[in-house]
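Each remark here refers to the structure printed beneath this line.
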Amino acid sequence: MSYETISTSKEGHLGVITLNRPEALNALNTKMVTELIGALSEFEKDEEVRCLVIAGSEKAFSAGADIKEMAEITAIQMAMTGHFFPLWEKVGKYPKPIVAALSGFVLGGGLELAMSCDVLIASETTQLGQPEIDIGVMPGGGGTQRLSRTVGKYKAMEMVLTGKRIGAEEAKALGLVSRVVPKEAYLSEAKKVASEIASKSPVAVRLAKMAVNKAFEMGLADGLDFERELFYLLFASEDKVEGMKAFTEKRKPEFKGK
Ligand code: CAA
């Protein structure tokens, strides 16, 4: 598939999506949202692809929703089209793991996109924020919910109510990104982490991702029950037999996703 606002590639078991609107610091417009949904759907169907990487450029992962486009949108148009909501739905419920390769500006909808991913790797130049308050609105892509659950109420309040950005090291201390690396290495590091995930059993990875996500939706007792059901289910997989056999035979397992 060829796209205008993003590019995609396949590298072994990885599906790589690169946001590509440098003239607007990768601001998310309708075209990009539609193309992102298309690329995510393609990689979802592709059985060879086990893990995704979403990246922007070194200067900007994404500066958020396209303000120039949004300036023209009415409340009714927004409600009738859902605007970006199909993207948030798609990424939020994506069955395969997604590693976000962050650098430069990660703002507004860009941060919300990143927070819908599963592992966030940041270059030392990354600046993260929810600046919607500066343009008279508020986060609308899950920012108030995902940020609060990650960094806690008071830091989330400060970020959402002042629009102030934080740097990569602070984001790491807050648990918002898992690793900070030199700017030359953010993409290679993200691909390295994604390749490591892709080398595991795709069945176990998928269910483990579901279980961790449920921790943010369920109470502890229900979450533990849910986890146990998935754990039992994995004992029916060929990958479980292969993984444990390979361990006893002192060799690397060959997982097939079955
Ligand atoms: N939408 C549309 N265009 C954007 C944009 C955005 N979010 N962010 C940057 N651009 C454009 C600029 O208009 C500029 O284009 P022109 O050269 O044609 O004027 C180009 O990208 C480069 O930007 P700047 O000249 O402003 O670059 P800078 O280095 O001086 O500043 C910045 C960078 C601090 C990120 C600044 O561009 C900025 O504040 N951008 C807006 C960030 C923002 O408010 N994001 C939230 C959007 S709302 C949202 O995301 C809602 C939601 O929850 C879904």
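What you see below is based on every heavy atom in this structure, not just the backbone, and it leaves out hydrogens, waters and symmetry mates. Atoms within a ligand are numbered from 1 in the order they appear, just like the ligands themselves. Sequential numbering from 1 along the given sequence is applied to the chain's residues. Note that the structure is a prediction, hence the values are computed from the model and not measured.
Less than 4.0 angstrom separates some heavy atom of Pro131 from each of these atoms of ligand 1: 43 (C), 44 (O), 45 (N), 46 (C). For ligand 1, the atoms lying closer than 4.0 Å to a non-hydrogen atom of Ile135 are 48 (S). Near Gly64, the atoms of ligand 1 lying under 4.0 angstrom from a non-hydrogen atom of the residue are 50 (O).
Glu23 O, 3.4 Å is the protein heavy atom nearest to atom 20 (C) of ligand 1. Given atom 47 (C) of ligand 1, the protein heavy atom at minimum distance is Ala65 O, 3.6 Å. Among protein heavy atoms, atom 35 (C) of ligand 1 sits closest to Leu107 CD1, 3.6 Å. Protein heavy atom nearest atom 31 (O) of ligand 1, with residue, atom name and distance: Phe105 CZ, 4.4 Å.
At least one heavy atom of Arg165 sits under 4.0 Å from some atom of ligand 1. Ligand 1 lies less than 4.0 angstrom from a heavy atom belonging to Gly140. Ligand 1 does not have His83 within reach: every non-hydrogen atom of the residue lies 4.0 Å or more from it. Put simply, part of Leu25 is less than 4.0 Å from ligand 1, judged by heavy atoms.
Side-chain contact annotation: Thr30 with Glu69, donor-acceptor N/O pair under 3.5 Å present.
Within the set Gly108, Ala63, Ala24, the minimum heavy-atom distance to atom 45 (N) of ligand 1 is found for Ala63. Residue nearest to atom 53 (O) of ligand 1, selected from Gln127, Gln130, Glu112: Glu112 (by heavy-atom distance). In this comparison of Met138, Glu132, Lys68, Arg21, the heavy atom closest to atom 13 (O) of ligand 1 sits on Lys68. With Thr144, Val106, Ile67, Asn26 as candidates, the residue nearest to atom 41 (C) of ligand 1 on a non-hydrogen basis is Ile67.
In this structure, atom 1 (N) of ligand 1 has a protein heavy-atom contact shorter than 4.0 Å. Protein heavy atoms come within 4.0 Å of atom 50 (O) of ligand 1. The nearest protein heavy atom to atom 18 (O) of ligand 1 is closer than 4.0 Å. Under the 4.0 angstrom criterion, atom 26 (O) of ligand 1 counts as lacking any protein heavy-atom contact.
When all heavy atoms of Ala194 and Leu52 are compared, the closest pair comes out as CB-O, 4.5 Å.
A donor-acceptor pair under 3.5 Å is absent between the side-chain atoms of Asp66 and the main chain of Ala27, judged by distance alone. Judged by distance alone, with hydrogens and angles left aside, the side-chain atoms of Lys209 form a donor-acceptor pair with the main-chain N or O of Tyr94 at under 3.5 Å. Without hydrogens or angle criteria, Glu249 side chain to Ala246 main chain gives no donor-acceptor distance under 3.5 Å. With hydrogens and angles ignored, the 3.5 Å screen pairs no side-chain donor or acceptor of Asp118 with any backbone N or O of Val99.
Distance check, rounded to the nearest 0.5 Å: CG of Leu87 to CE of Met32 gives 10.5 Å.
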Worked verdict on Lys90 versus Ser41 for side chain to side chain donor-acceptor pair (under 3.5 Å)
CA-CA 9 Å; Lys90 186 84 189 165; Ser41 302; 3.2 Å; yes
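Between Met70 and ligand 1, no pair of N/O atoms sits closer than 3.5 Å.
The pair Glu196-Lys192 fails the salt-bridge criterion, with no side-chain N (NZ, NE, NH1 or NH2) lying under 4.0 Å from an Asp/Glu carboxylate O. The existence of a salt bridge linking Asp222 and Lys214 is excluded, since no basic side-chain nitrogen approaches an acidic carboxylate oxygen closer than 4.0 Å. Under a 4.0 Å N-O distance rule, the pair Lys155/Glu170 qualifies as a salt bridge. Under the 4.0 Å criterion applied to side-chain N and carboxylate O atoms, Lys256 and Glu242 are not assigned as salt-bridge partners. In summary, Glu112 and Arg146 do not engage in a salt bridge, as defined by a charged side-chain N under 4.0 Å from a carboxylate O.
Neither the backbone nor the side chain of Glu69 comes within contact range of ligand 1; no heavy atom lies under 4.0 Å.
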